[in-house]
Structure formats: structure tokens, C-alpha cells
Amino acid sequence: MADPKGFLTTGREVARTRPVEERVKDWNEVYVPGSLLPIISKQAGRCMDCGIPFCHNGCPLGNLIPEWNDYAYREDWTAASERLHATNNFPEFTGRLCPAPCESACVLAINQPAVTIKNVEVSIIDKAWDSGDVTPQPPERLSGKTVAVIGSGPAGLAAAQQLTRAGHTVAVYERADRIGGLLRYGIPEFKMEKVHINRRIEQMRAEGTKFRTEVEVGRDIDAAKLRKRYDAVVIAAGATVSRDLPVPGRELKGIHFAMEYLPLSNKVREGDLTVSPITAEGKHVVVIGGGDTGADCVGTAHRQGAASVTQLEIMPRPGDERAGHQPWPTFPMLYKVTSAHEEGGERLYSVSTTHFEGDEDGNVQSLHLIEVEFTNGKLEQKPGTERSIPAQLVTLAMGFTGTDQENGLVEQFGLELDERGNIARDADFATNVPGVYVAGDAGRGQSLIVWAIAEGRSAARGVDRHLTGASDLPAPIRPTDRALTV
């Protein structure tokens, strides 16, 4: 145990963010560099090393949280990094982007603020990179087997790294011009600077993983032919079909999916564009959708100089404290103020868009909404609450409905889908096509980054067992496992 009295003597303290007026002028991460290390050992000491650590259950990766908390408390960063990497290929991703269901399941959180597990995690991995503790781990011998991984998001990268380290020759196919999937083009730089992706890719290259960019399986290469070329295939193409809003005026110019809007600002940061062709500068911006993608749109609009930003959510405003029907250790729906929300803008809850209006040139100018409420489980509009708000740029951030079927990948492989439109798989993450496996959102549906990495690791075990007859690779979850929530 780290500090036997730490949870009694030390209060919760999280990473400090840079002043709003400073950070909205750049695209760097919002946190004060180096602000965690002076406090993180004491924060790790708040861990009670519970006899039954429910944080393990809250985390689909089964992270060894009490163990690396103890090492962080003792400032044994090398040992902490080893324990961290024992269950997680990319802790610098989850430490920045995961909503930390482990903290909701922390035993201390029953009646006190939870241990800052996420901050401890990111401190350990950043220290490990700075100290040179993160090195390539090439396999001792090659199996002679080949694997293609379709998609380079967190699920695809995790599967590829695990299979490469198991001795297989792995090639990752990515339809974009750079590796990373939504980590690269869906996550703004102020949430995670892309240097964290780049150095992981270099580590994977040094281990032997091959990368093929600007190749879309189904369009640029026939899926059936790809299957014949490799001994196994892992589909980790994500759930990239955005949920649309079919209301009058949707065809107006200036209304875009979030995944049309966000990647362009990242391309500016990569140096591909001077300015984004879709910009919020000087415009009244409306973001439809109250989740993390919506918050990313809000923060991006602030940095582009929006005149105003309004975020709409059809659901009621969550409470500030855990509700009685969301008991510990489930992941509760709580009101969150992200760094983007700290920077300004208005948030409207229990509202639904009825239609858009435009000018004579077909550009959106306003959005009409109405208040709604749930009655007996049914969404109903409240008469007399209609109003309009200015909207010169609208982003649709209402989630995703499934994997892309228009590019031919599903049809060419001959894949079966489940009742929700995801690619069906068995207990080993195998599809109905022999040798073809699926991991991440393509099989699970829209989910969290920590679930994607867990799926990639688990699917890698299924592939390894298929290729060799047995596997020592870990499989933290089953395809049927779901989040610890209500």
C-alpha cells in the first residue's frame, strides 16, 4: 500500500489548466506543462489498495491501478511504467482522452472524491517517455504468418502491436494520409498533441509493423483479394457513419458533420492547409450534440474566433452528483464542464431542432428549436416553446450509427451484421468469414477509446490462436462485455 493514511490526509488535486485567454489563442494542450509531477506522488498515495479493487472492473483493460499507484507514490517510475504497459499499449492516449470509468468505480468515491487515476496514468507514461523507458519490443522470432489490420485507430493499433510482438508480420491499412484514425483527425490538438501518436508509430515501426496509408480497403483494394494475400485479417475500421439530422433546411450550406469539420483544423496543424475551408471565424456557431465530440467542436470554434457558440442537447441536463438510480460503482451520467466549456459558449438542454433557415444564397442563417420532455419514456414537444437562434455554422455531433458499408468492405468480404448493424463476431472476435476478425467500434458500435484498445488486444489473442493453435496474449474482455453502467 502506498500511504496508509493518504486518503485521509490528502485531498484530491487535478492537473492545472492554462488560463482561458491564453490557451484559446493556440492549439497546444490545455494543461500547464509539468504541473502534475510536483503533486502526483501524493495523489497516488490516496489509493487505498483495496482488497477488492473495483477500479479493475471499471476499466475494461483491467489496468493494475493499485500497483502503479504504489510505484508512483514511491517515485519508482520505471516500475510504474512496466505495470502500466502490462495491460495498456497506449496509456498516453487513455490518460488524455478516456473519461475514466475507473475513477467512478474507485472505492474511495463511495463517500469522497476519487483517486486521480487518470492523472497518475498520464504522469507515469510522460515520465517514461522522458526517461527513455519506452523502447521498441521486437519479437524474438518470426512466425512466418502474415496479418492485415484495416484501420489505424486505437483498436487497430493495439491489435497490430500485439500481433507484431507475437512474431507475426503485420501491415496496417489506413484510408487517410496519416496513421491514427480518429486519434489523428477526430481529436483536436488541444486535447492531445499529435506527437504522442507519432512516437508510438515510430516505436511500432521499429518493432516491425508496416503501415500503408491512403489505401481504402473496398475501394482502392478489393477486400477478397486482400484476404487471399494474408493469413488473417483484423477489421478495425471504426463506426464512422455519422448520425444525420433529416429536418427541413438540412441541405443549406454551412451545416456539416463534426467529422467534416474537425479533421480540417487538424490538417491545418499538420501543415497541409493554411486555413480551414470550414471555419467558425466571426460566425454564430451551433453544435448539435452534447457529448465529447460536441465539446471538441466547441473548443475548435473558440480557437477559430467564433462570434458565439451554442451547444444543443436533446436530453435533460445531468445532475451534479451521482443519482440514486446510478449507484456506485457504475459510471454515472454527470454534468461535465470540459476545458472547451470553460472557454465560453452557451449550453441548452432538452431542446430539439425543428428546421433551419437560410439566406438567398443558400447559406444557413438560423436554427429553429423547441423544448422537449420525456413523458412515459416518449419524447414530446412542449407547445409554445419554439424559438430561433442565429446559426451561420452548424456542426452535427450526434454520434455514429455503424461502420462504413458504402466502400464495399462489408460486401466484398461477405460479412454478416448483427441486429444493430455492427459486424457480427463470435467469442474469439472472429467473423463469419474464416480468418477475418473484427475489433473496436466496427464490431461493438460507438464506444470509448479504452474499450477500443481492450478490443484490439482481445482480438489479437483470437488471431494468434487461429494462426498458431495457442496464444499467450492477454484478452481483457469478451465481445459481449459491456461497460459497468446502468
Side-chain angles (χ1 to χ4, degrees), residues 17-31 176-178 182-194 242 244-245 249-313 337-348 351 353 355-369 387-398:
T17 55
R18 296 186 291 131
V20 169
E21 60 274 13
E22 171 189 320
R23 69 186 194 234
V24 296
K25 296 177 182 177
D26 62 45
W27 293 86
N28 300 329
E29 289 184 8
V30 300
Y31 297 103
D177 59 346
R178 291 181 176 87
L182 290 186
L183 291 171
R184 173 74 64 181
Y185 287 129
I187 302 297
E189 193 91 347
F190 58 82
K191 283 184 67 175
M192 187 180 75
E193 295 175 8
K194 301 306 175 269
S242 299
D244 208 343
L245 184 62
R250 169 63 178 90
E251 74 285 352
L252 291 169
K253 290 179 285 187
I255 304 173
H256 303 275
F257 289 119
M259 286 306 138
E260 293 173 335
Y261 173 60
L262 293 173
L264 293 172
S265 63
N266 282 356
K267 282 186 169 290
V268 172
R269 294 295 302 158
E270 295 281 6
D272 297 342
L273 301 170
T274 304
V275 295
S276 172
I278 304 175
T279 180
E281 184 176 2
K283 297 176 181 177
H284 296 290
V285 178
V286 177
V287 178
I288 302 178
D292 288 340
T293 302
D296 293 344
C297 292
V298 170
T300 299
H302 288 319
R303 283 158 180 75
Q304 291 178 341
S308 70
V309 182
T310 305
Q311 187 176 16
L312 309 183
E313 170 57 57
V337 179
T338 70
S339 63
H341 297 127
E342 292 174 349
E343 295 160 3
E346 185 178 7
R347 304 167 77 178
L348 302 180
V351 294
T353 303
H355 62 283
F356 301 101
E357 282 192 15
D359 60 19
E360 60 276 8
D361 295 322
N363 300 299
V364 65
Q365 292 297 302
S366 64
L367 178 151
H368 290 253
L369 56 82
R387 61 189 173 103
S388 67
I389 58 175
Q392 296 163 322
L393 172 63
V394 178
T395 61
L396 307 179
M398 302 178 296

OG1-CG distance between T353 and L367, expressed to the nearest 0.5 angstrom: 4.0 Å
Reported NE2-to-CG distance for the pair H355 and L245, which is rounded to 0.5 angstrom: 12.0 Å
Nearest-0.5 Å distance that lies between atom OG1 in T310 and atom CG in L312: 7.0 Å
Electrostatic pair R184-E270, nearest N-O below 4.0 angstrom: yes
Nearest heavy atoms of D296 and F190, plus distance in Å: O-CZ, 3.9 Å
Donor-acceptor contact below 3.5 Å, side chain D361 vs main chain N363: no
Inter-residue atom distance K191.NZ - E29.CD, 0.5 Å rounding: 11.0 Å
OH (Y185) with more than 12 external heavy atoms under 6.0 Å: yes
Pair R23-E343, side chain to side chain contact (heavy atoms under 4.5 Å, CB included): steps then yes or no: CA-CA 9 Å; R23 69 186 194 234; E343 295 160 3; 2.7 Å; yes
Let me check something: any side-chain donor-acceptor pairs from residues 278-285 under 3.5 Å, sequence neighbours excluded? List them with distances.
{"from": "T279", "atom 1": "OG1", "to": "E281", "atom 2": "N", "distance (Å)": "3.2"}
{"from": "K283", "atom 1": "NZ", "to": "T279", "atom 2": "O", "distance (Å)": "3.2"}
{"from": "H284", "atom 1": "ND1", "to": "S308", "atom 2": "OG", "distance (Å)": "2.7"}

Nearest heavy-atom neighbours spanning A397 and V287: CB-CG1, 4.4 Å
Side chain to side chain contact (heavy atoms under 4.5 Å, CB included) assessment of K267 paired with D177: CA-CA 10 Å; K267 282 186 169 290; D177 59 346; 3.3 Å; yes
Least distance between heavy atoms, T300 atom then P188 atom: OG1-CG, 3.9 Å
Evaluation steps, side chain to side chain contact (heavy atoms under 4.5 Å, CB included), between M192 and L183: CA-CA 8 Å; M192 187 180 75; L183 291 171; 4.2 Å; yes
Nearest heavy atoms of I187 and K194, plus distance in Å: O-NZ, 2.7 Å
Trace of the salt bridge (Lys or Arg N to Asp or Glu O under 4.0 Å) decision for D26 with R18: CA-CA 11 Å; D26 62 45; R18 296 186 291 131; 2.8 Å; yes
Heavy-atom pair with the smallest gap, counting every atom of V268 and T274: CG1-O, 3.7 Å
Side chain proximity check, L396 to V394, heavy atoms < 4.5 angstrom: yes
Backbone of G344 reached by a side-chain donor or acceptor of H302 within 3.5 Å: yes
E313 and R347 ion-paired at < 4.0 Å: no
Residues which pass side chain to side chain donor-acceptor pair (under 3.5 Å) with S366, listed by chain and number, not counting sequence neighbours: none
Side-chain donor-acceptor pairs under 3.5 Å in residues 254-262, sequence neighbours left out?
{"from": "E260", "atom 1": "OE1", "to": "F257", "atom 2": "N", "distance (Å)": "3.0"}
{"from": "Y261", "atom 1": "OH", "to": "A301", "atom 2": "N", "distance (Å)": "3.4"}
{"from": "Y261", "atom 1": "OH", "to": "Q304", "atom 2": "OE1", "distance (Å)": "2.7"}

Beyond-backbone contact of V286 with V309, side-chain heavy atoms, under 4.5 angstrom: no
Donor-acceptor under 3.5 Å (R303 side chain, G299 main chain): yes
Spatial distance of atom CD1 (I288) from atom CE (M398) [nearest 0.5 Å]: 6.5 Å
Distance, nearest 0.5 Å, that separates CD of Q311 from CD of E346: 11.0 Å
CA sep, side-chain torsions, deciding dist, call: N28, E189, side chain to side chain contact (heavy atoms under 4.5 Å, CB included): CA-CA 6 Å; N28 300 329; E189 193 91 347; 5.8 Å; no
